[in-house]
Amino acid sequence: MLNNGKIRILDTIEDLHMAEELQRIVWPGSDTDVVPAHLLITVVHNGGLVLGAFATDDHGSGSEKLVGFVFGFPGLYSTPDGPRPKHCSHMLAVLPDFRWRGLGFALKRAQWQMVRHQGIDRITWTYDPLLSRNAHLNITRLGAVCNTYLCDLYGEMRDGLNIGLPSDRFEVDWWVNTKRVERRLSKKARLNLDFAHFIAAGAEVINPTQIDGQGWPIPSEAISFSTAELTDNQDSLIVLVEIPADFPGLKEANIELAKEWRLNSREIIEDLFRSGYLVTDFVHLPGKIPRSYYVFSHGEGTF
Ligand SMILES: CC(C)(COP(=O)(O)OP(=O)(O)OC[C@H]1O[C@@H](n2cnc3c(N)ncnc32)[C@H](O)[C@@H]1OP(=O)(O)O)[C@@H](O)C(=O)NCCC(=O)NCCS
């Protein structure tokens, strides 16, 4: 039996070989997509961070196993005053048997502490916007925000998690010194706003979906909004966009429907970003037929 253990920096070649192996398990199928240990160690020796989560054997053998890791490196972003430093977080992974225990959150929290210590105030990373679990972690739990949609960023991907669909990604911003992020990472419980709160406040689901006979959501054909109308209407400063609650399951069951979701949600979200909305929250409703919604807020003063 293995228990959740500690999180520590991975900085030896042996550690980083374990991180290589972990990638092969989480993203099976394409060895050329694995970030190799020799690159990871170079990054670690030059301001990058590779942090690992270990589980320990509770039968007293003391053996530990790497069950999750997060990897990123320093980078630059452009501002009108010239380039500024940021941390570019490239990979986060937890072994399937160790998910749902808060390890993804704990790894990102450790990364947040280390990057703040380096004097950097912004972390960015990308993820597939249709992955509800990742949205819950990145937006709801960690307090990242997003107004950047990258179409087919990596081209055709060959690994088992990504094969068969355009690799569209959100690039999220994690402003690590803000009150918003500190509140979400604080040990004190935060009252999450749920679906009912947003609806009570006048927010509308702009792509209402039907559920088919197999329990999968069907993207709405006609979107119930024009962004000009939305921004003219003060009640529409917050809008909700539904995504499938289980996109990996949908991909396996019906790749054509998954593709429809990719293209349909791309169009809606790009339109919202162009109109000045940004993703500020995410709501997941568990249940027999779970539902998931992004919360978009208009304007710059929203966080
Ligand atoms: C993304 C990943 C790292 C998360 O790791 P994890 O250890 O399971 O994460 P956590 O346990 O901290 O958080 C999972 C949360 O998702 C929630 N969740 C699970 N299924 C969900 C769903 N369908 N929709 C929304 N939220 C969901 C859980 O309830 C949990 O939330 P809580 O802590 O508030 O209860 C892991 O799933 C993974 O390795 N995925 C494959 C690789 C990947 O996608 N990496 C990220 C992009 S590079």
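We number each residue from 1, following the sequence as shown. Order of listing sets the numbers, starting from 1, for every ligand and every atom in it.
Heavy atoms of A245 found under 4.0 angstrom from ligand 1 belong exclusively to the backbone. At a heavy-atom cutoff of 4.0 Å, ligand 1 is contacted by no atom of Y127, backbone or side chain.
At a 3.5 angstrom cut-off on N or O pairs, V94 counts as close to ligand 1. Considering backbone and side-chain atoms together, N134 places an N or O closer than 3.5 Å to an N or O of ligand 1. Taking distance alone, with nitrogen or oxygen atoms compared against 3.5 Å, S132 approaches ligand 1 more closely than that limit.
In plain terms, the two heavy atoms of K86 and T124 that are nearest each other are NZ-OG1, 2.9 Å.
One option in R99, M91, H136 has a heavy atom closer to atom 26 (N) of ligand 1 than any other, and that option is H136.
Less than 4.0 angstrom separates some heavy atom of G102 from each of these atoms of ligand 1: 10 (P), 11 (O), 12 (O). Distances below 4.0 Å separate heavy atoms of R101 from the following atoms of ligand 1: 11 (O). Each of the atoms 39 (O) of ligand 1 lies under 4.0 Å from some heavy atom of A93. With ligand atoms numbered from 1 in the order given, ligand 1 contributes 32 (P), 33 (O), 34 (O) to contacts under 4.0 Å with heavy atoms of R141. Close approach of ligand 1 to V26 is summarised as follows: ligand atoms under 4.0 Å from at least one heavy atom of the residue are 41 (C), 42 (C). Set against the non-hydrogen atoms of F105, the atoms of ligand 1 under 4.0 Å away are 12 (O).
At a 4.0 Å cut-off, at least one heavy atom of L92 sits close enough to ligand 1 to count as contact. Remark: distances from the non-hydrogen atoms of W27 to ligand 1 include one below 4.0 Å.
For the pair R262 and E267, the salt-bridge criterion is not met [side-chain N within less than 4.0 Å of a carboxylate O]. Looking at R84 and D121, no side-chain N of the basic residue comes within less than 4.0 Å of a carboxylate O on the acidic one, giving no salt bridge.
The aromatic ring centres of F273 and F170 sit less than 6.0 Å apart.
When only modelled atom types and interatomic distance are considered, N207 and S220 share no side-chain donor-acceptor pair under 3.5 Å.
For residues 241-263, no pair satisfies ring-ring contact (aromatic ring centres under 6.0 Å, His included), with sequence neighbours left out.
When the side chains of ILVMFWY residues are joined at heavy-atom separations under 4.5 Å, either directly or via intervening members, I25 and L10 end up in a single hydrophobic cluster.
Ring orientation note: the planes of F73 and H90 are tilted relative to one another, at an angle of 30° to 60°.
Taking the side chain as every heavy atom from C-beta outward, F198 and E204 never approach each other to under 4.5 Å.
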